[in-house]
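These notes are about the structure you will find just below.
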Amino acid sequence: MKKIFLILTSLFLILFSCKKETYEYAFQDPSLSPEERAADLVSRLTLEEKVLQMLNDAPAIERLGIPSYNWWNECLHGIGRTEYKVTVFPQAIGMAAGWDTDAMKMMADYTSEEGRAIYNLSSAQGNRSIYHGLTYWTPNVNIFRDPRWGRGQETYGEDPYLTGELGSSFVYGLQGNDPVYLKAAACAKHYAVHSGPEHNRHEFNVDVSQYDLWDTYLPAFYDLVVNAEVAGVMCAYNAFEGKPCCGSDVLMMDILRNQWGFNGYVTSDCGAIDDFYRHHKTHPDAASAAADAVFHGTDIDCGNEAYKALVQAVENGLITEEQIDVSVKRLFTIRFRLGLFNPADKDPYSDIDATALEKDSHKAHALKMARQSVVLLKNENNILPLSKNIKKIAVLGPNADDTEVLLGNYNGFPTKITTVLDGIREKAGDEIEVYYDSLVGYTGNTRPNPAVIEKAKEADVILFCGGISPNLEGEEMPHVDAEGFYKGDRTTIALPAIQTETLKALKATGKPVIFVLMSGSAVGIEWEAANLPAILSAWYGGQSAGTAIADILFGDYNPSGRLPVTFYASDKDLPDFEDYSMENRTYRYFKGKPLYPFGYGLSYTSFGYEWKTPPVKSSYQENEEIRCIVKIKNTGAVAGDEVVQVYIKYPQGKERLPLKELRAFTRINLQPQKEAEWTISVPVRKLKKWNEEKGAFTVPSGEYILYIGGNSQQEAVAATFTIE
């Protein structure tokens, strides 16, 4: 009897433990898939409730226990626009100058960790306002085709391959690797064919060749959508082939949804649906614009007007409620994938708390990326690194002690920001006297104070920190009224004349002048390159920029940044800004001589290249791979990183093809006189280009050259091959 009792007790306990938890609604059940939960929830909503969920600021649905949610958040280079103190990494263009996919992935992982902490803290307090959600509208993978574009600083440069590699690494890091749940949701923007000008982006129409569309403007989006499985896409303000991008048959339906099979969510850029009828004039009113945008797969209206007319659009027969359901299901699927409706024990990220903000590891990584971002453009007679035996240094210029310039745009705010002056003073200690004066503004006609110039003569070396500022270049800036700048963009790439004039005065002192150039874009520094002994491009370097620059100036870090854009000599090298054709643009098509080429950057050491195993074949078919092994040796006296770059030169003939194109890269650290090997594999199919005559991708036939070196012009080792 006792045995039977024990058996029955055990069975009861087993049955009790296996009892499935019950929920009032199926969408509350975490054991169901995000798609199943979304479908159940949407089936319970009224049309009016569905429509309001398609605004970026989606209200609560209290009868079902659904809290409000604001989709708009930013994390371009660290969590942005929040009241919490966070880690701020270098601006995107600066991170791109690091050419380090592993560092980018780690940066995004740290960023999503801080974002989760902020979400957990704020939602516990009932704060679900803008900039507190987990859907980040980053990264910007537009191609920086023209250095005058003020928002180019938000991109990863001018090359589609580099942009795709870095952007994908960002997505992998931000979204995490949980098989079901997203740590955070990334968003590829601005889709597509979008890169200025800023002042007319709301009505501008782009019409480019199919070749340029597929060769330049779409590859990075393809990488993020198809390979990295980015959660979201933001469609752009401008029109493409006469239709607003958010309502484009070609971009939104044919390519994104059909060819690429994208099943994530699409948001408009903010106010872009209003542009349909206000600026593009392609639609008569909000109802028709909203219906068309939803029909083309735009799920969110970042705005508070256009999509509210969807109720009227359904009543008028412009769109069906079933079509609206498709979008709302996509939106709730993302929210379920983020675990937003799960109990804490069913959310793998619920325990991330305030200790994640500004962790020591995060701050150390911000310094690492700041160091990697700095590009040494010139170092005549090895004037750098500076001797620590110097007695006095003059630190001058508008960017020398400006914290704001280091943060770029779309930024957050750290507890501590180290300016160049801070970094130099910390490095100098009590041994080196540091004299500081801002000396001159970014622009204008105010001449430098002669007394400051005279004082600078007493220094052993003069450090001028100039360039431009995110207060002069950026997104749609109608308040900017300065020579050389217009509503966020630049009207000339030249360094502002007052700064060149000041540098000439400093050079006349007879003391060595080192120029630290800060900017979010390539600057025309033709005089500076010819007359100053040392130049560093330091971008907008984030919270640790000053420490990184001081480390490089004094030799505690060997510079290893490489240009993600071409530095042109002057405006004469540039086509019309509004011309989206890639003819004579970027290193891939530019036929002139750059001031500093794409991929360029000096080091305090030197590197040698030789083949270990060159490509063994001289002819390839489309289904083959070009394989080779290169040896890289640090031939100098100090340790350093080399960014090894692989380029393909295309055959030049009747078919339009790039002059050259990046196809692989890696960052290698080498001790003095040590060498490393790198195995390279380039699939021939990756050399496909859009064939205008055939209307399809083909691998062009002819003679190619594969070459490897430290920048796009250094052919350290090379091999010729043909494709038949």
Side-chain angles (χ1 to χ4, degrees), residues 96 139-146 149 151-152 154-168 170-171 186-196 204-264 266-267 269 296-298 564 579-583 585-586 588-589 650 656-658 661-663 683 685-692 694-700:
N140 183 341
V141 291
N142 292 133
I143 297 302
F144 199 176
R145 66 182 173 91
D146 192 300
W149 185 34
R151 295 192 74 181
E154 302 171 26
T155 75
Y156 302 133
E158 69 183 39
D159 182 69
Y161 178 79
L162 179 64
T163 298
E165 291 293 298
L166 294 174
S168 295
F170 183 96
V171 172
C187 177
K189 67 181 188 184
H190 309 84
Y191 182 75
V193 202
H194 178 86
S195 55
F204 189 67
N205 178 62
V206 177
D207 195 349
V208 297
S209 68
Q210 287 294 297
Y211 177 86
D212 281 340
L213 176 66
W214 289 100
D215 177 60
T216 295
Y217 296 110
L218 291 183
F221 284 101
Y222 175 89
D223 288 343
L224 269 63
V225 168
V226 176
N227 299 327
E229 297 183 344
V230 69
V233 168
M234 175 185 283
C235 46
Y237 284 117
N238 58 279
F240 173 73
E241 295 183 344
K243 293 186 176 183
C245 285
C246 296
S248 167
D249 294 342
V250 174
L251 296 177
M252 297 292 291
M253 298 180 72
D254 181 31
I255 297 173
L256 183 65
R257 296 295 188 184
N258 296 335
Q259 292 188 43
W260 295 352
F262 180 62
N263 59 8
V266 173
T267 178
D269 207 337
H296 284 88
T298 304
D579 182 1
Y580 268 68
S581 167
M582 291 304 294
E583 183 69 29
R585 285 193 184 279
T586 75
R588 295 189 305 139
Y589 294 100
Y650 280 78
R656 185 182 170 202
L657 295 169
E661 189 167 66
L662 180 71
R663 292 314 313 169
R685 69 179 185 278
K686 294 292 187 180
L687 306 183
K688 284 184 177 181
K689 293 295 174 186
W690 185 263
N691 187 306
E692 295 277 16
K694 296 182 179 180
F697 282 105
T698 62
V699 179

Nearest 0.5 Å, what's the NE2-SG distance between His296 and Cys235? 11.0 Å
Taking Thr155 for the side chain and Gly152 for the main chain, is one N or O donor matched with an acceptor at less than 3.5 Å? yes
Could you tell me whether a side-chain N or O of Tyr161 sits under 3.5 Å from a main-chain N or O of Arg663, the two making a donor and an acceptor? yes
Which residues pass the side chain to side chain contact (heavy atoms under 4.5 Å, CB included) test with Asp254, not counting sequence neighbours? Gln259
Residues at least two apart in sequence or cross-chain that pass side-chain hydrogen bond (donor to acceptor under 3.5 Å, both in side chains) with Lys689, listed by chain then number, are Asp215, Glu661
Atom of Val266, atom of Gly297 and distance for their closest heavy-atom approach: CB-O, 3.4 Å
Can you sort out the partners of Cys245 under disulfide (SG to SG under 2.5 Å), two or more places apart, ordered by chain and number? none
Output all residues satisfying side-chain hydrogen bond (donor to acceptor under 3.5 Å, both in side chains) with Arg585, sequence neighbours left out; order by chain, then residue number. Asp146
Find the distance between CG (Asn140) and SG (Cys187) and round it off to the nearest 0.5 Å. 10.0 Å
Check: Tyr580 ring centroid to Phe204 ring centroid under 6.0 Å: yes
Establish, yes or no, whether the cationic atom of Arg145 lies under 6.0 Å from the six-membered ring centre of Tyr217 and within 45° of the ring axis. no
Is any side-chain heavy atom of Arg656 closer than 4.5 Å to one of Glu692? no
How far apart are the closest heavy atoms of Pro700 and Thr698, and which atoms are they? CD-O, 3.3 Å
Work out which heavy atom in Thr163 is nearest to a heavy atom in Ala220; give both atom names and the distance. CG2-CB, 3.7 Å
Between CD on residue Glu158 and CZ on residue Arg588, distance to nearest 0.5 Å: 8.5 Å
Side chain to side chain contact (heavy atoms under 4.5 Å, CB included) between Thr586 and Phe144: does it pass, once the steps are laid out? CA-CA 9 Å; Thr586 75; Phe144 199 176; over 6 Å; no
Which heavy atom in Leu213 sits nearest to a heavy atom in Pro219, and how many Å separate them? O-CD, 4.3 Å
State whether the number of non-hydrogen atoms from other residues, nucleotides or ligands found under 6.0 Å of Asn263 atom CG is greater than 12. no
Could you grab the distance from atom CH2 of Trp690 to atom OG1 of Thr216, nearest 0.5 Å is fine? 14.0 Å
Under 4.5 Å between any side-chain heavy atoms of Asp159 and Pro564, yes or no? no
Of the non-hydrogen atoms in Val699 and Arg685, which two are nearest, and what is the gap between them? CG2-CA, 4.4 Å
For the CG atom of Leu251 and the CD atom of Glu241, what is their distance to the nearest 0.5 Å? 7.5 Å
So, using side-chain hydrogen bond (donor to acceptor under 3.5 Å, both in side chains) as the criterion, who are the partners of Gln210 when residues are at least two apart? Trp214
The criterion is side chain to side chain contact (heavy atoms under 4.5 Å, CB included); which residues satisfy it with Val226, sequence neighbours excluded? Tyr222, Trp260
List the atom of Cys246, the atom of Thr298, and the distance in Å for their closest heavy-atom pair. O-OG1, 2.9 Å
Can you tell if the side chain of Ser195 reaches within under 4.5 Å of the side chain of Ile143, non-hydrogen atoms only? no
Would you check if Met582 and Tyr211 make a side-chain contact, meaning some heavy-atom pair closer than 4.5 Å? no
Pairwise distance CD1(Ile255) to OH(Tyr191) - rounded to 0.5 angstrom: 4.5 Å
Of Asn238, Asn142, Asp269, which is the lone residue that meets side chain to side chain donor-acceptor pair (under 3.5 Å) with His194? Asn238
Is the number of heavy atoms from other residues, nucleotides or ligands under 6.0 Å of Glu229 CD greater than 12? no
